[in-house]
Every structure is written in structure tokens, then in C-alpha cells.
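Proteins come first, then strands; the chains are lettered A, B, ... in the order of their sequence lines, and each starts at number 1.
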Amino acid sequence: MLKNSLGVSFKHCVYEVVRNIKKGEVLTYKEVATLAGRPLAYRAVGNILNNNYDEKIPCHRVVRSNGLIGGYNRGGEEKLKRLRQEGAII
DNA sequence: CGTATGACGTGCA
DNA sequence: GTGCACGCCATAC
């Protein structure tokens, strides 16, 4: 896998960004991609999270630009529930 | 190295 | 406002 100018994989950046999301903070895939350093890689962001969603990573706080929560385990019911608990309005 | 996949986004009908 | 199709990027095999 190629590394960016910073010497870190885009995947790693996405992890850091998502992990950096505070409680009640909701970002879109595009935002995460931008913060990760690749504004046009929102497609890869979804892929990375899909193959690497961890307990330490609040990937449930990453939603789509059109307002949809996107996807999550079990169809996203858990994700929607969590977002509501944190105060996110979907 | 080349191909296939995907939790997306935007455009057009 | 809704539905269909294309395009984009990075990762994994």
C-alpha cells in the first residue's frame, strides 16, 4: 500500500480522525476523508471502516452527506440508537 | 502488477 | 421529490 506525504496510510489517518470524534460529534464520510487528507476518498473511507470497524473507533458517528446514517452492523439500528443517545438528530 | 469490491457523492431523467 | 447510472479513491486478493 502506498503512503501519503506524511508517511502514514490513508487508512491509519481515517482511524485517527474517526477516533478523534468527540461524543455528540457527527461527521460525514466526506468530512472524514477531508480531515484524513483525501477529500475525494470518501469512497475509501467507507471501505476502510467497513473492513476495520473497531470498538475504539466510533464509526457510528460517521454519517452520509444526505442525512442517512449510512451502514453499520445489523443494518444500522444500533448506530441510529447510539446517535440519538448522543444527541444527534437524524 | 492487475482486478474486483465498497458503510459514498453527484448528476441527470 | 424520487430513481437510475456513472465516477471517484484506497484496500484487499
Open item on the list: For a side chain to side chain contact (heavy atoms under 4.5 Å, CB included) check, start with the C-alpha distance between A:Glu16 and A:Val8, then their side-chain angles and the critical distance, and finish with the verdict.
Closed with: CA-CA 11 Å; A:Glu16 293 291 297; A:Val8 293; over 6 Å; no
Please state how far atom [atom1] in [X] lies from atom [atom2] in [N], giving the value in whole angstrom units.
| X | N | atom1 | atom2 | answer |
| --- | --- | --- | --- | --- |
| A:Leu49 | B:dA7 | CG | P | 11 Å |
| A:Leu68 | B:dG9 | CG | P | 9 Å |
| A:Leu83 | B:dA7 | CG | C1' | 13 Å |
| A:Asn51 | C:dT11 | CG | P | 11 Å |
| A:Tyr72 | B:dC8 | OH | P | 15 Å |
| A:His12 | C:dT11 | NE2 | C1' | 16 Å |
| A:Arg64 | B:dT10 | CZ | C1' | 11 Å |
| A:Asn4 | C:dA10 | CG | P | 10 Å |

Open item on the list: side chain to side chain contact (heavy atoms under 4.5 Å, CB included) for A:Lys22 and A:Arg61? Distances and angles first, verdict last.
Closed with: CA-CA 9 Å; A:Lys22 309 287 199 300; A:Arg61 288 180 189 153; 5.5 Å; no
TODO: Check the angle between the aromatic planes of A:Tyr72 and A:Tyr53 and answer parallel, tilted or perpendicular using the 30° and 60° thresholds.
DONE: tilted
Open item on the list: Among residues 29-42 of chain A, which ones have heavy-atom contacts with DNA chain B below 4.0 Å?
Closed with: A:Tyr29, A:Lys30, A:Tyr42
Open item on the list: Could you report the tightest heavy-atom contact between A:Phe10 and A:Ala36, atom names first, then the distance?
Closed with: CE1-CB, 3.4 Å
- [ ] Among B:dA7, B:dC8, C:dA10, find the nucleotide with the atom closest to the side chain of A:Arg43.
- [x] B:dC8
Open item on the list: As a test of understanding, state which of A:Asn20, A:Val45, A:Val17 forms a side-chain contact (heavy atoms from CB on, under 4.5 Å) with A:Leu35.
Closed with: A:Val17
Open item on the list: My understanding is that a hydrophobic cluster links ILVMFWY residues whose side chain heavy atoms are under 4.5 Å apart, including indirect links. Using that, what else belongs to the cluster containing A:Leu68?
Closed with: none
